[in-house]
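Here's the structure, in structure tokens; my notes come after.
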Number of protein chains: 2
Amino acid sequence: MSETRGTTPLGARRTRQRLDILQHLSAAPDFISAQGLHARLAQTGTLVGLSTVYRALRDLERAEQVDVIRSEASGERLYRRRSTSEHQHYVICRRCGRSEAVDTDIVERWAAHLDQLTGFSNVTHTLELSGECMDCHL
Amino acid sequence: MSETRGTTPLGARRTRQRLDILQHLSAAPDFISAQGLHARLAQTGTLVGLSTVYRALRDLERAEQVDVIRSEASGERLYRRRSTSEHQHYVICRRCGRSEAVDTDIVERWAAHLDQLTGFSNVTHTLELSGECMDCHL
DNA sequence: ACAGAAACGACATCCATTTTCATTAGGGGA
DNA sequence: TCCCCTAATGAAAATGGATGTCGTTTCTGT
Ligand SMILES: [Mn+2]
Ligand SMILES: [Mn+2]
Ligand SMILES: [Zn+2]
Ligand SMILES: [Zn+2]
């Protein structure tokens, strides 16, 4: 009882749609929106409802399986499958969307002291970096 | 010719609405949304169209007169008049919205090297901090 | 196989922000 | 000061990402 079987990770059922979504998300090299992912799935003949894509991404976010940013350009939330168990920060190319993980140890260490520095408790941070990748810069 | 008179800052006309908006925004101690500001103006009998508030805030943002964050809770963009000429980062209380400027020199210096560290050009950053202020923490 | 619950998906709805467009009113120049 | 051009305004409609609804489908443990 209260046994966590490898077959049922976190109360999440394993449906054809969830698998397809996770697979296509993992295959995407960069951040992608719910709608973009839905379009990709459709292209390859994988029929998944848009609502389902939104829900699956929301659940993946809760399970901390993805990093999320907000596109300044389109206003969409963009998702990327995490490579490590820890959250990461990325530089995203403003032009083509290419993303690259950045070493933010310095910032993380600084952030860890914020509770003392600010008088606020349970301080969390959001850090997004954008620039122009070498291919797009001129 | 091509003379920049003090009377015409940046092609922006000085209307009653713009002045009221800037005044009320400056009076607000914390971050406030377009709709919140619009409501505040209405309360004090200052009639300004909601579109006008949105437009004025957009222009203030372009002129770098305000710092902007995105409320995770309401999804709104929140604005705060800048006290200095440089951009700032803040800790915002998740519960009551109180905001406090934070010294981010360390991060700023780190960010200045990102072009070399990442291979991206013109790297800009977004940093948002949220926590619970002393009044709200239990 | 069965039953209860979770997931689907087409569609409706929400809601912040933008756009439209007719009207108003700044402000530089004469 | 008066004119004119044009930016600014605002009511209303449109946009668009995201979430809610609800009847149907599909898991999964027993
Ligand atoms: Mn971090
Ligand atoms: Mn900064
Ligand atoms: Zn690029
Ligand atoms: Zn508080």
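Chain naming here is simple, since letters A, B, ... match the order of the sequence lines and numbering starts at 1 in each.
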Using five pairs at each end of the helix from dA1(C)-dT30(D) to dA30(C)-dT1(D) to define an axis, what is the angle between those two axes, to 10°? 40°
Pairing residues for His113(A) by the ring pair (Phe, Tyr, Trp, His ring centres under 6.0 Å) criterion, not counting sequence neighbours: none
With sequence neighbours left out, write down each residue that passes ring pair (Phe, Tyr, Trp, His ring centres under 6.0 Å) with His137(B), or none if nothing qualifies. none
Check whether any side-chain heavy atom of Glu132(B) sits under 4.5 Å from a side-chain heavy atom of Arg94(B), and report yes or no. yes
A side-chain contact here means heavy atoms from C-beta on lying under 4.5 Å apart; do His87(A) and His89(A) qualify? yes
If only side-chain N and O atoms of [X] are considered, is one of them under 4.0 Å from the OP1 or OP2 phosphate oxygen of [N]?
X        : N       : value
Arg18(A) : dC8(C)  : yes
Gln17(A) : dT26(D) : no
Thr15(B) : dA7(D)  : no

Could you give all pairs that pass the salt bridge (Lys or Arg N to Asp or Glu O under 4.0 Å) test and reach residues 82-91 of chain A, with sequence neighbours left out? Asp67(A)-Arg82(A)
With a cutoff of under 4.5 Å between side-chain heavy atoms, which Ile, Leu, Val, Met, Phe, Trp and Tyr residues group with Leu50(A)? Tyr54(A)
Apply the hydrophobic cluster definition, ILVMFWY joined by side-chain contacts under 4.5 Å directly or through others, and give me every member besides Ile69(B). Phe31(B), Leu78(B), Tyr90(B), Ile92(B)
Rounded to the nearest angstrom, tell me the gap between atom [atom1] in [X] and atom [atom2] in [N].
X        : N       : atom1 : atom2 : value
His38(A) : dC11(C) : NE2   : P     : 12 Å
Leu57(B) : dA16(C) : CG    : C1'   : 13 Å
Arg16(A) : dT26(D) : CZ    : C1'   : 11 Å
Asp59(B) : dA8(D)  : CG    : P     : 7 Å
Ile21(A) : dC8(C)  : CD1   : C1'   : 10 Å
Asp20(B) : dA8(D)  : CG    : C1'   : 14 Å

Throw together a table of side-chain donor-acceptor distances under 3.5 angstrom for residues 32-49 of chain A, partners on residues two or more places apart or in other chains.
from: Ser33(A); atom 1: OG; to: Gly36(A); atom 2: N; distance (Å): 2.9
from: Ser33(A); atom 1: OG; to: Glu76(A); atom 2: OE2; distance (Å): 3.2
from: His38(A); atom 1: NE2; to: Val48(A); atom 2: O; distance (Å): 3.0
from: Thr44(A); atom 1: OG1; to: His24(A); atom 2: NE2; distance (Å): 3.2
from: Thr44(A); atom 1: OG1; to: Leu41(A); atom 2: O; distance (Å): 3.0
from: Thr44(A); atom 1: OG1; to: Thr46(A); atom 2: OG1; distance (Å): 3.2

Excluding sequence neighbours, so at least two apart, what forms side-chain hydrogen bond (donor to acceptor under 3.5 Å, both in side chains) with Ser121(B)? none
Donor-acceptor list for residues 57-64 of chain A side chains, cut-off 3.5 Å, not counting sequence neighbours:
from: Asp59(A); atom 1: OD2; to: Arg18(A); atom 2: NH2; distance (Å): 2.3
from: Glu61(A); atom 1: OE1; to: Arg77(A); atom 2: NH2; distance (Å): 2.6
from: Glu61(A); atom 1: OE2; to: Arg77(A); atom 2: NH2; distance (Å): 2.9

Distances for protein N/O vs nucleotides 3-6 of chain D N/O pairs under 3.5 angstrom?
from: dT6(D); atom 1: O2; to: Arg13(B); atom 2: NH1; distance (Å): 3.2
from: dT6(D); atom 1: O2; to: Arg13(B); atom 2: NH2; distance (Å): 2.9

Do any N or O atoms of the protein come closer than 3.5 Å to N or O atoms of nucleotides 16-20 of chain D, and which pairs are they?
from: dG17(D); atom 1: OP2; to: Gln35(A); atom 2: NE2; distance (Å): 2.9
from: dG17(D); atom 1: O5'; to: Gln35(A); atom 2: NE2; distance (Å): 3.1
from: dA18(D); atom 1: OP1; to: Arg77(A); atom 2: N; distance (Å): 2.8
from: dA18(D); atom 1: OP2; to: Tyr54(A); atom 2: OH; distance (Å): 3.1
from: dG20(D); atom 1: O6; to: Ser51(A); atom 2: OG; distance (Å): 3.3

Side-chain donor-acceptor pairs under 3.5 Å in residues 100-107 of chain B, sequence neighbours left out?
from: Asp103(B); atom 1: OD1; to: Asp105(B); atom 2: N; distance (Å): 3.0
from: Thr104(B); atom 1: OG1; to: Glu108(B); atom 2: OE2; distance (Å): 3.3

